[in-house]
Amino acid sequence: MSAPRRRVQVAVVGAGPAGLVLANVLHRAGISVEVRERLGRAELEQQARAGLIEHRVVEYLREQGLADRLLAEGGRHEWCEFTVSGERIHIPYGELSGGAGHWVYPQQLLVRDLIASYEKAGGAVRFDRPVLDVDTSGPVALVRCEDGVLEAEHVVGCDGPRSTVARAFPAELDGALERRYPYDWLTVLAEVDRPVEGIRYALHEAGFAGMMPRTSRLARFYLQVPADADLAEWPEPRIREQLALRLGLQPESGDPELGALTEVGMLRLRGRVRHHVQAGPLLLAGDAAHVLTPSGAKGLNLAVADVADLAHSLLRYHLEGDTETLAGYQARRHGAAWTTQEFSDRLLDLMHLPPGGAEESAFGLRLRRERLARLAAPGPEGEAFARAYGGAGRLRTGPAPAPAP
């Protein structure tokens, strides 16, 4: 017996923030959508990853009716600080950008909200349903799964760097430009005795460290380590000692005190942009199209920017017959991806000292202190940094066409 088949206009592979935002917007406009996710619901809804959502992304989610809980329970942040040789440099990026601050809202909570919104509107995410392959040799794309085949006019890969949808691209459209950085970040999710009030980046001769707010009792920490460092070389006492040293944590002066380390891992720092994110009916968004380092917290935000563009383009295609807008998706997203990669790379360069002895480290720290002083002050340089960091402006959308009667 042949596998059962169903027909949809858009198949979305991957139920992370990008795939779920896209599915919500398309479904509410009357487009038939099916979402496939390889993970189970419980595992997906517990994944703690990003936590800083840009101004323009929050505004887009608000406009789409997808930000109610985020706005009610998330925390607004409009400043960050850098410590250099014990000096704290305060950057009020919300003020410098004219109001482009972040909302602190853990990714797993956003995913739960997006699933709930989709289901309330009548949609259904098919969890534990990995896509085996995608075939575009016929008149419609075939998305093959263990429980059947989806026929789709468009297939959108929001399924990460090892995207099944990307593997279906023709060989001549495969490939990417990639950079492997000469250091990695050890990442820690830790309990804290009080909320982290703002983002702190520490520039230190022992290496970079970062502290990011998440919830009232959890915070995300980063430590620069040598490239390909073994996690086994970083026992808990060493992690705690280096965080306190590099960040200059002083609980008696208001800094949080670390409790249990609930998650410890390694981030292998890479930047990557695929040459092609569009091949006939196949489209890529988020990590399937580009990989960013955590520097500047741009990964989730660029992913949502991708699908905001793509949702608008697909609505114009399916509801108005406009092929031109969708045809320009790749060029527009390439431009956005490289702009974001450049910002992330520039911030990494600012936060990490080049290799050298004590004298070179001291010189490098002093240079970076001068650069940070300019970023903290009113003027073109500070304003440009603040707008890019906080995500000023609006995502590319435009008025969505009304559903066909």
Side-chain angles (χ1 to χ4, degrees), residues 1-16 18-41 43-44 111 114-160 162-171 173-174 276-289 306-307 310-323 326-327 329-330 401 403-405:
M1 180 183 296
S2 61
R5 292 196 177 198
R6 290 187 311 284
R7 183 76 176 256
V8 294
Q9 289 170 287
V10 179
V12 177
V13 183
L20 291 168
V21 169
L22 179 63
N24 268 282
V25 176
L26 294 181
H27 178 74
R28 292 180 180 190
I31 303 298
S32 58
V33 184
E34 182 159 316
V35 182
R36 289 274 165 162
E37 170 54 49
R38 65 179 181 83
L39 298 179
R41 181 170 188 157
E43 182 179 358
L44 183 73
V111 165
L114 293 170
I115 292 171
S117 294
Y118 189 51
E119 291 178 338
K120 185 177 180 180
V125 179
R126 297 185 181 273
F127 298 101
D128 287 310
R129 296 292 188 273
V131 170
L132 303 178
D133 66 74
V134 181
D135 181 1
T136 59
S137 61
V140 295
L142 303 179
V143 181
R144 295 194 176 94
C145 311
E146 289 182 354
D147 60 338
V149 177
L150 274 179
E151 297 180 351
E153 294 180 56
H154 290 101
V155 182
V156 183
C158 301
D159 49 343
R162 299 176 182 84
S163 170
T164 303
V165 179
R167 290 204 304 269
F169 273 46
L173 300 184
D174 198 9
H276 296 274
V277 298
Q278 193 168 8
L282 307 180
L283 299 141
L284 303 177
D287 288 352
D306 288 345
V307 295
L310 187 53
H312 175 61
S313 302
L314 287 169
L315 289 178
R316 292 187 65 88
Y317 178 93
H318 286 283
L319 299 181
E320 294 186 348
D322 171 11
T323 60
L326 185 59
Y329 172 76
Q330 176 166 286

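Residue numbers run from 1 in the order of the sequence given.
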What residues form a ring pair (Phe, Tyr, Trp, His ring centres under 6.0 Å) with Y118, not counting sequence neighbours?
-> H27
L26 and L314, any side-chain heavy atoms less than 4.5 Å apart | yes
First locate atom CD of E34, then atom CZ of R7, and finally report the distance between them rounded to the nearest 0.5 Å.
-> 13.5 Å
Nearest 0.5 Å, what's the CZ-CG distance between R167 and L282?
-> 12.5 Å
With distance as the sole test, does D322 use its side chain to make a donor-acceptor pair with the main-chain N or O of Y317 at under 3.5 Å?
-> no
With R38, which residues qualify under side chain to side chain donor-acceptor pair (under 3.5 Å), at least two apart?
-> none
When you look at R28 and S117, which way does the side-chain contact (heavy atoms from CB on, under 4.5 Å) test go after all the steps?
-> CA-CA 10 Å; R28 292 180 180 190; S117 294; 3.5 Å; yes
Partner of L283 under side chain to side chain contact (heavy atoms under 4.5 Å, CB included), chosen from V277, V155, L326 | L326
Kindly write out the residues that satisfy side-chain contact (heavy atoms from CB on, under 4.5 Å) with S163, not counting sequence neighbours, or none if the list is empty.
-> D159, V165, A166, L284, A288
Should V12 and V33 count as side-chain neighbours, where that means a heavy-atom distance under 4.5 Å?
-> yes
Got V8 and V10 here, is their nearest side-chain heavy-atom distance under 4.5 Å?
-> no
Does F127 have any ring pair (Phe, Tyr, Trp, His ring centres under 6.0 Å) partners at least two apart in sequence or in another chain, and if so, which?
-> none
Any residue meeting side chain to side chain donor-acceptor pair (under 3.5 Å) with R144, in chain and number order, not counting sequence neighbours = D133, D135
At what distance, to the nearest 0.5 angstrom, does CG of D128 lie from CG of D147?
-> 11.0 Å
With sequence neighbours left out, write down each residue that passes side chain to side chain donor-acceptor pair (under 3.5 Å) with D174, or none if nothing qualifies.
-> R274
Sequence neighbours left out, what passes salt bridge (charged side-chain N to carboxylate O under 4.0 Å, His left out) with E37? Give chain and number order.
-> none
Is the shortest heavy-atom distance from the side chain of V13 to the side chain of V156 under 4.5 Å?
-> no
Kindly indicate whether the side chain of L20, heavy atoms from C-beta on, has any atom under 4.5 Å from the side chain of I115.
-> yes
Name all residues meeting the side chain to side chain donor-acceptor pair (under 3.5 Å) criterion together with S32; count only those two or more places apart in sequence or in a different chain, and write none if there are none.
-> Q9
Pairwise side-chain contact, L150 with L142, heavy-atom cut-off 4.5 Å (strictly under) = no
For R41, enumerate each residue passing the salt bridge (charged side-chain N to carboxylate O under 4.0 Å, His left out) test, keeping only those at least two apart in sequence or located in another chain.
-> E45, E119
Can you name the residues that form a side-chain contact (heavy atoms from CB on, under 4.5 Å) with L132, not counting sequence neighbours?
-> E146
About how many Å separate OG1 of T136 and CZ of F169, when rounded to the nearest 0.5 Å?
-> 9.5 Å
Pair R6 + E151, salt bridge at N-O below 4.0 Å | no
Determine whether H276 and P170 make a side-chain contact, defined as any pair of heavy atoms from C-beta on separated by less than 4.5 Å.
-> no
Sub-4.5 Å side-chain heavy-atom contact between V140 and P281 | no
